[in-house]
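Letters A, B, ... mirror the listed sequences (proteins, then strands); counts begin at 1. What you are looking at is a predicted structure, and each value in this text was computed from that prediction instead of being measured.
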Amino acid sequence: MVNALPYDEIVNALTEIDPTLIERRREEKRDLPPLPGAVEGAVVTRLPPEPSGFMHIGHAMSGLVNYLYKERYRGELWLRFEDTDPRKAKLEYYENFREGYRWLGIEWDREKNNSDDMEVFYAYCKRLLESGEAYACSCDQPTMRAMRARGIPCVHRSLDVSLNLEVWDGMLENRIGEGEATIRFKGDVSSQNTALRDPVLFRVIESDHPITGDRYRVWPTYDFAVSVEDGICGVTHVLRTSEFRLRDELQNEIRRRLGLRNPLFIEYARFEFEGVPVAKREIRDLIERRVISGWDDVRLVTVSALKRRGIRPEAIKEFVRRYVAFTEAKKEFSWDLLNAVNRRVLDPMTPRLFFVPNPVTLVIRNFEVRGISIPLHPMERLGERHVQLGERFYIPGDDASSFEAGTKFRLKYLCNVIVDRIEGPTVYGSCVMEGPEPGIRIVQWVSEPNIKVRVLIPGPLFLKDGTFNDQSLRVVEGFAEPYVANLREHDTVQFERFGYCTRDSHENTFILTHE
RNA sequence: GCCUGGGUAGUAUAGUCCGGUCAAGUAUACGGGCCUCUCGAGCCCGUGACCCGGGUUCAAAUCCCGGCCCAGGCACCA
């Protein structure tokens, strides 16, 4: 009774009874915590994707975090492609990220590629070489690795500046080939932090780059490129996952020597989802073994897969606000959380339609109505659809299996039906033109004409114990009302008593978004 | 193996810096109820957690020590 009152009245009534109750009940509006050291109008964040694979939900969430903060503090956001490994960067991935960010509603203010700034990197490198803070090294890879592991310097470390510059020029002028020399940072060879043990800053890679082609062969490594770029872009806050933790010190030191300003780092554990691999390598392997269909397989959490599945960008944004925290504890989100947020987004804007899974034929003896109009949504004004009624009806097999002669049930919005008899797979009944009775089972139905559709039901690819889930993609077939022909790819509807479903690229295929 | 970080209900978290107001809050999930011509939404009620062991203290989720477990790093990848 009380619940039937408008919300305001409930609040008023409760306030009279006990004002503290309201305070306790009020839902905490969770949002991202304030950014340390943030100054209104002076926050600069960045999106630093490596264009070497498809964008997934981890990129999406990290991207949203950077975007949301720049919005909150009215700052600036960079989109900067970290493309300094020409062997890994591929043109198609640049656009895949741009598209993904756009789809999420992320607006960036400036864009560049690290590969645009090669001359800048070279200039900064020369400065380090001249001041003796970097040196040319011709150790082969295994040797360097072993010495770094043991924390001992190599002979090249103490060579003359002029010699270093000579090698550097040799690298730039193609006289030194791949693997023959590198430029190393003069750090601290015996530091506990292995990143500081004279890491490589530049190496020769004889491979074309998707953007610069064969113009450059001396490429900066990640640490150098990112340090310089974050410095010259004026980045104030670096929000990234914690695999970079041990590099903070190195990157700050590089910038310090170059006279560039250091940002503040906020690092957090990767965003993972239960039962779904995120590692490119693992996904590629599943694709090659034909376990999944591709990068947009609906069981995956790539942005294209989420889109296919019917996860709305607004939902991902809200999800980030509500559930992301910058803890370094391992996190593995459950689909329940994302689904719940997505459902709230979908609910008011999603048409309700009838889909009958595993249909059973229903023949009604005394039925004469030839058509009916049904609202597309129970509360919202989404309009209505007209449904033609033919000779036969179809109802879900699950419902029919519990019927027997004499059972009374209701065809939603239409009429009540009393089962006369069941013959094999067909139910025969008589209709009673009356309204719904309390407690009666209400069943969705489809008549003729109708459209045969199949619904893919994605589940976790891997079970808790790590084994492959052979039920990870189930298929349900049935009949849907003709209205589904109006739907386009990525349109989501709610099939009543079944779940929210999103139309896939093929017109008769839907994907179960969630219940 | 060596270095870093972590461990609050099934999940994600608040609280931990500055010990008491925390017999631990929120969301989701789950159970029950109300409402509804959906098994959806909404509303109400309920179940459910401070990794373990010591110590300090009048008092510890919060501080100290030890253990266990988890994640990340240890590339001429990012």
[X], nearest nucleotide to its side chain (from [options]):
X: A:Pro436; options: B:C37, B:C76, B:A78; result: B:C37
X: A:Ala325; options: B:A41, B:C76, B:U13; result: B:U13
X: A:Arg343; options: B:A78, B:A41, B:U38; result: B:A41
X: A:Tyr413; options: B:A78, B:C37, B:G5; result: B:C37
X: A:Lys330; options: B:A71, B:C37, B:G10; result: B:A71
X: A:Pro378; options: B:U13, B:U28, B:U38; result: B:U38
X: A:Arg322; options: B:A78, B:A27, B:U4; result: B:A27
X: A:Glu332; options: B:A27, B:A12, B:U4; result: B:A12
X: A:Arg247; options: B:C76, B:A78, B:A14; result: B:A78
X: A:Arg145; options: B:A75, B:A14, B:U4; result: B:A75

> For RNA chain B, whose closest nucleotide is more 5', that of A:Phe326 or that of A:Val200?
Replying inline: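 Here A:Phe326 is the residue nearer the 5' end.
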> 5'-most contact on RNA chain B: A:Glu328 or A:Met379, nearest heavy atom basis?
Replying inline: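 It is A:Glu328 whose nearest nucleotide is closer to the 5' end.
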>> Does A:Arg175 form a salt bridge (Lys or Arg N to Asp or Glu O under 4.0 Å) with A:Glu173? I'd like the steps, not just the answer.
In response: CA-CA 6 Å; A:Arg175 280 182 280 113; A:Glu173 288 159 17; 2.6 Å; yes
Nearest-Å distance once atom [atom1] is located in both [N] and [M]:
N: B:G1; M: B:C50; atom1: C1'; answer: 33 Å
N: B:G53; M: B:C69; atom1: C1'; answer: 15 Å
N: B:A49; M: B:U16; atom1: C1'; answer: 16 Å
N: B:C52; M: B:U47; atom1: C1'; answer: 25 Å
N: B:C65; M: B:C74; atom1: P; answer: 28 Å
N: B:U62; M: B:U56; atom1: C1'; answer: 14 Å
N: B:C68; M: B:G25; atom1: C1'; answer: 29 Å
N: B:G40; M: B:G31; atom1: P; answer: 11 Å

>> Can you tell me how the ring of A:Trp219 sits relative to the ring of A:His209, calling it parallel under 30°, perpendicular over 60° and tilted otherwise?
In response: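 Taking A:His209 first and then A:Trp219, their aromatic rings lie parallel (interplane angle under 30°).
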>> Whether the side chain of A:Arg30 and the base of B:U26 hold a donor-acceptor pair under 3.5 Å is what I'd like checked.
In response: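 In this structure, the two groups form no donor-acceptor pair.
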>> Between B:U38 and A:Gln494, counting only base atoms on the nucleotide and side-chain atoms on the residue, is there a donor-acceptor pair under 3.5 Å?
In response: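 Answer is yes: a donor-acceptor pair is held.
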> Is there a donor-acceptor contact under 3.5 Å from the side chain of A:Lys331 to the main chain of A:Thr327?
Replying inline: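 Answer holds: yes.
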> Just by distance, do the side chain of A:Asn114 and the backbone of A:Ala225 share a donor-acceptor pair under 3.5 Å?
Replying inline: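 No: the side chain of A:Asn114 does not pair with the backbone of A:Ala225.
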>> List the residues meeting side chain to side chain donor-acceptor pair (under 3.5 Å) with A:Gln494, not counting sequence neighbours, and say none if there are none.
In response: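 So A:Gln494 forms a side chain to side chain donor-acceptor pair (under 3.5 Å) with A:Arg352.
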If you compare every side-chain N and O of [X] against the phosphate oxygens of [N] (OP1, OP2), does one of them come in below 4.0 Å?
X: A:Arg150; N: B:C74; answer: no
X: A:Thr194; N: B:C2; answer: no
X: A:Arg87; N: B:C77; answer: no
X: A:Arg281; N: B:C77; answer: no
X: A:Thr327; N: B:U13; answer: yes

>> Less than 4.0 angstrom from a charged side-chain N to a carboxylate O is my criterion; do A:Arg217 and A:Glu178 meet it?
In response: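 Here A:Arg217 does not pair with A:Glu178 in a salt bridge, since their nearest N and O are not under 4.0 Å apart.
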> Taking 4.0 angstrom as the limit, do A:Arg343 and A:Glu515 come out as a salt bridge?
Replying inline: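 Between A:Glu515 and A:Arg343 there is no salt bridge, as every charged N stays at least 4.0 Å from the carboxylate O atoms.
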Identify the nucleotide, in any strand shown, that forms a Watson-Crick or G-U wobble pair with [N], with both distances under 3.5 Å; if there is none, say none.
N: B:C17; answer: none
N: B:C63; answer: B:G55
N: B:C69; answer: B:G6
N: B:U36; answer: none
N: B:U11; answer: B:A27

Could you check whether [X] gets within reach of a base, just the sugar-phosphate, or nothing at all, counting any heavy atom under 4.0 Å?
X: A:Thr241; answer: nothing
X: A:Phe354; answer: nothing
X: A:Asp398; answer: nothing
X: A:Lys331; answer: sugar-phosphate
X: A:Ala269; answer: nothing
X: A:Thr182; answer: base
X: A:Tyr323; answer: base
X: A:Gln141; answer: base
X: A:Gly179; answer: base
X: A:Cys415; answer: nothing
X: A:Arg344; answer: sugar-phosphate

> Given the side-chain rings of A:His237 and A:Tyr69, with only the six-membered ring counted for Trp, is the space between their centroids under 6.0 Å?
Replying inline: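 Aromatic pair excluded; centres sit 6.0 Å or further apart.
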Spacing of [X] atom [atom1] relative to [N] atom [atom2], expressed in whole Å:
X: A:Leu376; N: B:U38; atom1: CG; atom2: P; answer: 16 Å
X: A:Asp336; N: B:U26; atom1: CG; atom2: P; answer: 19 Å
X: A:Asn193; N: B:G5; atom1: CG; atom2: P; answer: 10 Å
X: A:Arg197; N: B:U4; atom1: CZ; atom2: P; answer: 12 Å
X: A:Glu481; N: B:U38; atom1: CD; atom2: P; answer: 16 Å
X: A:Phe244; N: B:A71; atom1: CZ; atom2: P; answer: 19 Å
X: A:Glu274; N: B:C70; atom1: CD; atom2: P; answer: 19 Å
X: A:Lys88; N: B:A75; atom1: NZ; atom2: P; answer: 15 Å

> A:Phe202 ring centre to A:Arg184 NZ or CZ under 6.0 Å, with the angle to the axis within 45°?
Replying inline: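 Because its charged atom misses either the 6.0 Å distance or the 45° angle limit, A:Arg184 does not stack over A:Phe202.
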>> Name the residue from A:Phe495, A:Phe393, A:Phe355, A:Tyr394 that meets the ring-ring contact (aromatic ring centres under 6.0 Å, His included) definition with A:Phe479.
In response: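 Going through the options one by one, the only one that passes is A:Tyr394.
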